[in-house]
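Below: one structure, written as C-alpha cells.
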There are 2 protein chains.
Amino acid sequence: MGREGRGTVGETDERQDRRIVPETTRRADRLPGNRYGNRPTMKDVAARAGVGLKTVSRVVNGEPGVTPDTERRVQEAIEALGFRRNDSARVLRKGRTASIGLVLEDLADPFYGPLSRAVEEVARAHGALLINGSSAEDPEREQELALALCARRVDGLVVIPAGDDHRYLEPEIRAGVATVFVDRPAGRIEADAVLSDNYGGARDGVAHLIAHGHRRIGFIGDMPRIHTAAERLRGYRAAMEDAGIAVEERWMSLGATNPERVRRAAEEMLSAPDPVTAVFAGNNRVTVTVIRVLAEQSRRVALVGFDDIELADLLQPGVTVVAQDAAALGRTAAERLFRQLDGSLVAPERIELPTRLITRGSGELPPAD
Amino acid sequence: MGREGRGTVGETDERQDRRIVPETTRRADRLPGNRYGNRPTMKDVAARAGVGLKTVSRVVNGEPGVTPDTERRVQEAIEALGFRRNDSARVLRKGRTASIGLVLEDLADPFYGPLSRAVEEVARAHGALLINGSSAEDPEREQELALALCARRVDGLVVIPAGDDHRYLEPEIRAGVATVFVDRPAGRIEADAVLSDNYGGARDGVAHLIAHGHRRIGFIGDMPRIHTAAERLRGYRAAMEDAGIAVEERWMSLGATNPERVRRAAEEMLSAPDPVTAVFAGNNRVTVTVIRVLAEQSRRVALVGFDDIELADLLQPGVTVVAQDAAALGRTAAERLFRQLDGSLVAPERIELPTRLITRGSGELPPAD
DNA sequence: CGCGCATCTGACAACGTTGTCCAGGCTCTA
DNA sequence: TAGAGCCTGGACAACGTTGTCAGATGCGCG
C-alpha cells in the first residue's frame, strides 16, 4: 500500500488479481499449452491451416496479398478453433486502443444517461469503445478512475470533473491522451471544456420569475465547489441585481442534493417570517425534491428548475425549466476529442452551449403573499 | 471487407486506425526512441534509477524484496518521468484484464442507468473496470459489441440481449468468459440469467385493474420478440383468463415503443366503439406516452404501467406501477458474474426477482362508461 | 529454355510487462 | 575467519500480435 506510483489503482491489484484470476487461470496453468483459458492464438490457427503466422494475421486484418485458397483454409481454421484476435496484444503492438474513457458523476442520474449515450455514439462512429465509471462526486475517486483509464491506454478521456485540480492529468495529456472536460471546466490545467451556459441560463430563469412579480426568490443548489452550482448562483445573483433586489442570505442554500438536505432547505425558506414566493432549483435532483415539497404547501409557490425533467409538462402546474441539451454536450465533447486525436485541433478552447427556457406554468405563478 | 473472421468488428479497423492514429503516432514515429506518444516505460525508469527492469516492476506492483533506498530511487524516477504502467502489456502477460463488459439496450433509458451503475459498483468492488455499449435493440449490433468486448478480453460479460440467438458466444464462454444475461434470458444457449418476474408482475397489475371493475383492458407493449414484452403479455392474458374475460385482439398492441406508435395504438383503443376503460402499459417508455394521451382524454381512463417512473407520485392521479428493481437486477447479475470468475459457480441458473405493485391512484379509477 | 519480375508467404523482431531463475553480497553462526 | 543461508537485484523468456524484409513460387517473355 502506498508504495505504488501515486495514483495508480494498484493498491487493490493484488487482492483483485487473487479474486479474479483463480479458477480459470489455475485451469490454464495446469494445461501445459495455452493460457488465457485455452484460447487459440494465431499460432494455433496457422498450425491448423498449415500456413505461417503472418498469413493468419493478414487474413484476420483483411490485408491484401493472400490467395483465395489460402484465405479459405485460414478462415476454416479460425471457425473450427473459435479463434478471436486478442486486442490486448494488438494494442500493445499498435499503440492505440480504439477506446475512450468517460468519467462521470453518476451513471444513474438521468442527466448523464443521454450524455453518455451521445459520447458512445460518437465513439462508435469512430470505431472506438467506451469505458466508463462514476466518480460519485468524489475527487479522489475521479482521479483514481481517470488514471486507471490512462493505464489502460485509452486514446482519449472525457471527464465530468468532481475535483478542481487536474494537474494529475498533465503527464497523460503530454503523452498524447486526448482530453475533454464536459459540464464543468478543468481545474489548474489548460484543457478543452464543453459547458452549458450555466450563468446565462440561471439568470434567464430567475429573470423570468422576477418578470412575473417575484422579489423574494429562493435558490437551492449543489455544493458551491462544483462549478455549475457556482455559476448558476452567479446567474441568480446577477438577475436579482439587475432587478435591483437585495439578496438575503437565507434565500440561498448550497449543499448536497440528497432529498433530505434539499427538503430541509426548502422548508426553511418557505416557513420563514417573510417566506420566499418562488424557488429557483439548481439542478434536476433539486427540482424533483422541491416539487414534492411545494406540492405539500397550501400556498402556491412559483418554481423554475435548471435541467429538464421527464413528465415535467404533465404536472400541475407544468414545471418551467432551464433546459440544457445533455446529448449535445456529450456529442460536442466527443467530437472534439476525436478531432484532437486526428490532429486537427491545437489550442484548448472553452465551448459554451446555450440553454433554453421552457415555460410550462410553474414559473408563471404570481407571488402569493 | 468481409474477409475478416465473421463477427469481428474488423472491417472498420483500417479506416478507424487511420482516423485515430495519425498525429500522435506519426509524431512518435518521427522520434526515434519511444513510441506510444513518448510514454516512458519501465525500462526508462530503470535506466534513470540505475536499477534493473524487474526491480521497477517490483516497486510498481508493491512486491517485496526491494530495499527502502532502492524503492525511493525508483519512485523518484517514476515521478520525474511521469511513468504509468501500461496495463495492456500487463494484461497480455497476466491473462486477465480486470474489466467486464456491459451490453445494454440504451444507456439513455432511465431504466438502465441505475442498472449500469449497480454493475459498475460491483465491478469496482472487485477492482474491475466497466466497458459498456448500447445495442439500440439491434441484434447484430449486440453481437458486434459483445464480440468486440471479448476481443478486448474482458473477464466477463453482462448482456441485456437484443437478439434471441446467442450461440455466437459459445466459443467465448467455453474459453472462460463469464457471462450473465440480465432482464431477458439468453437464446439457444445455456447461461445465467437474472430476470424480473415479468409474467407475475403483469398479471398482478392487470388483476389490480380487474379488481377495480375493469373488463375492457388494453395492453400496449414492446415488440413481441422481446422476452419481457412476451412475458408481460402472457401475464396480461393470464389475469384476464383468471377473471373469465375473453380478450379481444384489438385490445392488444405490440410494437416499437416510440411515442408515435404508442400514441396511435392508445388512441385507437380509446376511440373504438367499445373503448377500453383501462390500459396496461408494457414498460416505462410506453407508460410515459400513454400518460400523455390519457391526459388529453375527456374520459378518465385507468392506467397501470410496468416499471416505475420518476415523479409518478406527483401526477394527478398518481401513476400506479409494477416496479422492478433495476439496481438489484444489475447488482445480482454482476455478483453472479464474479462468482463465476472465482469458480464458486457451476451450473447456469435463472434467477427471478419479484416485482412490486405500487398503487398511487391511476389504477384505482373506476371504469368510466 | 532461361531469365526477370510480380506475387504470395513466412521468419523474425518488437511492443511493455511479469515470472523464473540465478548471481552476488550480506549476515550470522560455528 | 570460513561457510551456510538469506536477501536483493537483474538477465532472460514469454504473453499474442503486427511490421519488416527476404525467400519461394509461378508466370511471361525473349
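We name chains A, B, ... by the order of the sequence lines, and we start the count at 1 in each one.
- A:Phe83 places its CZ atom 8 Å from the C1' atom of D:dG16, with the value rounded to the nearest Å.
- At the phosphate of C:dC15, neither OP1 nor OP2 sits under 4.0 Å from any side-chain N or O atom of B:Thr41.
- Between A:Arg124 and A:Glu120 no salt bridge is recorded (no basic side-chain N to carboxylate O distance below 4.0 Å).
- Taking only distance into account, the side chain of B:Lys54 meets the base of C:dG19 through a donor-acceptor pair shorter than 3.5 Å.
- If you take CG of B:Asp44 and P of C:dT17, they are 9 Å apart, rounded to a whole angstrom.
- Using a cutoff of 4.0 Å between basic side-chain nitrogens and carboxylate oxygens, A:Arg141 and B:Glu121 are scored as salt-bridged.
- Taking a cutoff of 4.0 Å between a charged side-chain nitrogen and a carboxylate oxygen, A:Glu172 and B:Arg84 qualify as a salt bridge.
- At a cut-off of 3.5 angstrom, the base of C:dG10 holds at least one donor-acceptor pair with the side chain of A:Arg58.
- The side chain to side chain donor-acceptor pair (under 3.5 Å) test applied to B:Arg339 returns no partner, not counting sequence neighbours.
- Rounding to whole angstrom units, CG of residue B:Leu92 and P of D:dT18 are separated by 12 Å.
- Within a 6.0 Å radius of CD in A:Glu170, other residues, nucleotides and ligands contribute more than 12 heavy atoms.
- Both A:Met42 and B:Pro68 lie close to DNA chain D; mapped to their nearest nucleotides by heavy-atom distance, the more 5′-ward contact belongs to B:Pro68.
- You'll find that the side chain of B:Thr55 is closest to D:dG10, out of D:dG10, C:dT9, C:dT17.
- Whole-Å rounding puts the A:Arg153 CZ to D:dT17 C1' distance at 18 Å.
- Across all strands shown, A:Ser57 has heavy atoms under 4.0 Å from base atoms, whether or not it also approaches the sugar-phosphate.
- Under the 3.5 Å distance criterion, with hydrogens and angles disregarded, no donor-acceptor pair is assigned to the side chains of A:Arg152 and B:Asn86.
- Across the protein-nucleic acid pair, B:Lys43 atom NZ and C:dT17 atom C1' stand 12 Å apart, rounded to whole Å.
- Residue B:Thr67 places no side-chain N or O under 4.0 Å from the OP1 or OP2 atom of D:dC7.
- A sub-4.0 Å separation between OP1 or OP2 of D:dG19 and a side-chain N or O of A:Lys94 is present.
- With sequence neighbours left out, B:Phe83 forms a ring pair (Phe, Tyr, Trp, His ring centres under 6.0 Å) with no residue at all.
- Remark: P of D:dA14 and CZ of B:Arg90 are 21 Å apart, rounded to the nearest angstrom.
- Taking 3.5 Å as the limit, the base of C:dT17 and the side chain of B:Arg93 contain no donor-acceptor pair of atoms between them.
- We find that CZ of B:Arg39 is positioned 23 Å from P of C:dA14, with the value rounded to whole Å.
- Comparing A:Leu53 and B:Gly50 by the nucleotide of DNA chain D whose heavy atom lies nearest to each, the residue mapping closer to the 5' end is B:Gly50.
- A side-chain N or O of B:Asp342 and one of B:Ser344 form a donor-acceptor pair less than 3.5 Å apart.
- For B:Asn86, the listed nucleotide lying nearest its side chain is C:dG16; candidates were C:dG19, D:dG19, C:dG16.
- Distances shorter than 4.0 Å separate none of the side-chain N or O atoms of B:Ser88 from OP1 or OP2 on C:dT17.
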Can you check nucleotides 22-28 of chain C for protein contacts, nitrogen or oxygen pairs under 3.5 Å, and list what you find?
none

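- Here D:dT18 presents its C1' atom at 13 Å from CG of A:Asp87, a figure rounded to the nearest Å.
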